[in-house]
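Note on naming: letters A, B, ... go to the chains in the order of the sequence lines (proteins, then strands), and numbering restarts at 1 for each one.
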Protein chains: 2
Amino acid sequence: MDGSCYSPLVREPLGEERARQLAGTLKAVAEPVRLRLLSLIASRADGEACVCELTGAFEVSDATISHHLKVLREAGLIERERRGTWLYYRVRPEALRTIAGALMPAEDGAVPA
Amino acid sequence: MDGSCYSPLVREPLGEERARQLAGTLKAVAEPVRLRLLSLIASRADGEACVCELTGAFEVSDATISHHLKVLREAGLIERERRGTWLYYRVRPEALRTIAGALMPAEDGAVPA
DNA sequence: TCGCTATTTAGATGTATGTCAACTTAGATG
DNA sequence: CATCTAAGTTGACATACATCTAAATAGCGA
């Protein structure tokens with residue numbers, strides 16, 4: 001259901017179905033709070049964070065954070081694990097790599113001036 | 001206004017402003033028709049396509065295609081050039097590279113188990 | 001200038017999305 | 001069981017967005 005190996009969209013025209021899938025995943029990422037949540041979780045030394053460590057960093061309500069985490073989770077971008085009272089979230093690097101790879105214009109990392 | 005050199009969001013927590021910028025660009029891409037437009041233009045041999053070559057590939061109206069092209073253009077993802085009666089669109093690879101680079105989880109391509 | 005064609009803009013409409021307050025679920029502990 | 005805390009769900013609301021039809025603009029050729 002996820003298509004973990006997209007070829008870059010510059011190589012050949014994207015099919016209708018794949019475009020819908022990719023757009024769905026991208027929509028999950030294309031929101032400021034969700035981007036910061038992803039970044040906040042991913043940039044931790046141990047790669048994980050519990051909800052209580054996340055809610056404080058934003059000006060939106062806990063319910064909204066919970067909603068955004070759900071969106072990210074349903075898009076396959078993060079996963080969670082319960083340890084006692086707390087839930088710990090972790091980023092799924094393959095998912096990030098998939099969308100980054102689909103957008104990357106060329107394999108060689110050369111950046112033109 | 002574009003911040004052409006994001007460091008990946010996994011490296012350090014994304015600032016509020018940068019998250020807003022990145023999300024804005026990602027929103028432009030996070031739509032099936034726009035993804036296919038991007039792909040259709042980018043995968044051309046000469047790297048460009050005129051509107052008349054694009055409208056036929058979709059089931060939406062010409063006005064809608066025009067709207068999506070405008071969204072992509074305002075996000076800095078494509079540019080256009082007039083030649084006679086027709087407008088030719090071209091992808092800006094740096095823009096794609098910027099968002100891909102911001103999402104890429106690590107420089108080395110190693111996929112953890 | 002007049003009309004022809006390619007593309008964009010404007011206004012209208014239905015759907016999707018971000019947000020919050022209030023309520024519920026789940027685990028821990030007395 | 002009663003209660004406390006962590007996190008998620010529900011329902012409502014306002015805003016954002018994709019789409020269409022109809023009208024407007026911009027080059028080109030006669």
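If you measure from atom CD of Glu74(B) to atom C1' of dT9(C), you get 12 Å, rounded to the nearest angstrom. Note: CG (Leu37(A)) to P (dG18(C)) measures 12 Å, nearest angstrom. The nearest whole Å value for the distance from the CG atom in Leu72(B) to the P atom in dA18(D) is 10 Å. At whole-Å resolution of the value, CD in Glu81(A) and P in dA6(D) are 19 Å apart. Trp86(A) has its CH2 atom 14 Å from the P atom of dG27(C), to the nearest Å. In this structure, the CD1 atom of Ile65(A) is 16 Å from the P atom of dA6(D), given to the nearest Å. One atom, CG of Leu87(A), and another, P of dG27(C), lie 9 Å apart when rounded to the nearest Å.
Phosphate contact (OP1/OP2 of dG8(D), side-chain N/O of Lys70(A), threshold under 4.0 Å): absent. A sub-4.0 Å separation between OP1 or OP2 of dG8(D) and a side-chain N or O of Arg80(A) is present. Between dG8(D) and Tyr89(A), a contact under 4.0 Å exists linking OP1 or OP2 to a side-chain N or O. The side chain of Arg34(A) contributes an N or O atom lying less than 4.0 Å from OP1 or OP2 of dG18(C).
The hydrophobic cluster containing Tyr88(A), built from Ile/Leu/Val/Met/Phe/Trp/Tyr side-chain heavy atoms closer than 4.5 Å, also comprises Trp86(A).
No continuous path of ILVMFWY side-chain contacts below 4.5 Å connects Leu22(A) to Val71(A), so the two sit in separate hydrophobic clusters. Connection of Val60(B) to Leu35(B) is established within a shared hydrophobic cluster, with ILVMFWY side chains joined at heavy-atom distances below 4.5 Å, either directly or through further cluster members.
Without hydrogens or angle criteria, Arg34(A) side chain to Ala28(A) main chain gives a donor-acceptor distance under 3.5 Å. Listed for the Arg36(B) side chain is a donor-acceptor partner under 3.5 Å among the backbone atoms of Ala57(B). Using a distance-only test at 3.5 Å, with no hydrogens or angles considered, a donor-acceptor pair links the side chain of Thr98(B) to the main chain of Glu94(B).
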Practice prompt. Mind running side-chain contact (heavy atoms from CB on, under 4.5 Å) on Val10(B) and Leu96(A) for me, showing each step along the way?
Written response: CA-CA 10 Å; Val10(B) 303; Leu96(A) 282 183; 4.1 Å; yes

Worksheet item: What do the steps show when you test Leu26(A) against Leu103(A) for side-chain contact (heavy atoms from CB on, under 4.5 Å), and what is the final call?
Response: CA-CA 10 Å; Leu26(A) 283 167; Leu103(A) 296 175; 4.2 Å; yes

Worksheet item: Are Leu72(A) and Leu37(A) close enough, and set up right, to give a side-chain contact (heavy atoms from CB on, under 4.5 Å), and what steps lead you there?
Response: CA-CA 9 Å; Leu72(A) 288 172; Leu37(A) 278 171; 4.2 Å; yes

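Proximity of residues 47-55 of chain A to DNA chain D (heavy atom under 4.0 angstrom from any strand atom) is restricted to Cys50(A), Val51(A), Cys52(A).
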Tabulate protein N/O versus nucleotide N/O from nucleotides 28-30 of chain C, keeping only pairs under 3.5 Å, one per line.
none

What pairs of nitrogen or oxygen atoms, one from the protein and one from nucleotides 19-21 of chain D, lie under 3.5 Å apart?
| unit_1 | atom_1 | unit_2 | atom_2 | d |
| --- | --- | --- | --- | --- |
| dT19(D) | OP2 | His68(B) | NE2 | 2.4 |
| dC20(D) | OP2 | Ser61(B) | N | 2.8 |
| dC20(D) | OP2 | Ser61(B) | OG | 3.2 |
| dC20(D) | OP2 | Thr64(B) | OG1 | 2.7 |

Worksheet entry | Intra- and inter-strand pairs of DNA chain D in dot-bracket (Watson-Crick or G-U wobble, both distances under 3.5 Å; | for another strand) | ||||||||||||||||||||||||||||||

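Put simply, the residue from Arg83(A), Arg92(A), Arg80(A) that forms a salt bridge (charged side-chain N to carboxylate O under 4.0 Å, His left out) with Glu48(A) is Arg83(A).
One finds a salt bridge joining Arg20(B) and Glu17(B) here, because a Lys/Arg side-chain nitrogen approaches an Asp/Glu carboxylate oxygen to under 4.0 Å.
When all heavy atoms of Leu40(A) and Arg44(A) are compared, the closest pair comes out as O-CG, 3.3 Å. The shortest heavy-atom contact between Glu12(A) and Ser43(B) is CA-CB, 3.7 Å.
With sequence neighbours left out, the salt bridge (charged side-chain N to carboxylate O under 4.0 Å, His left out) criterion links Glu59(A) to no other residue.
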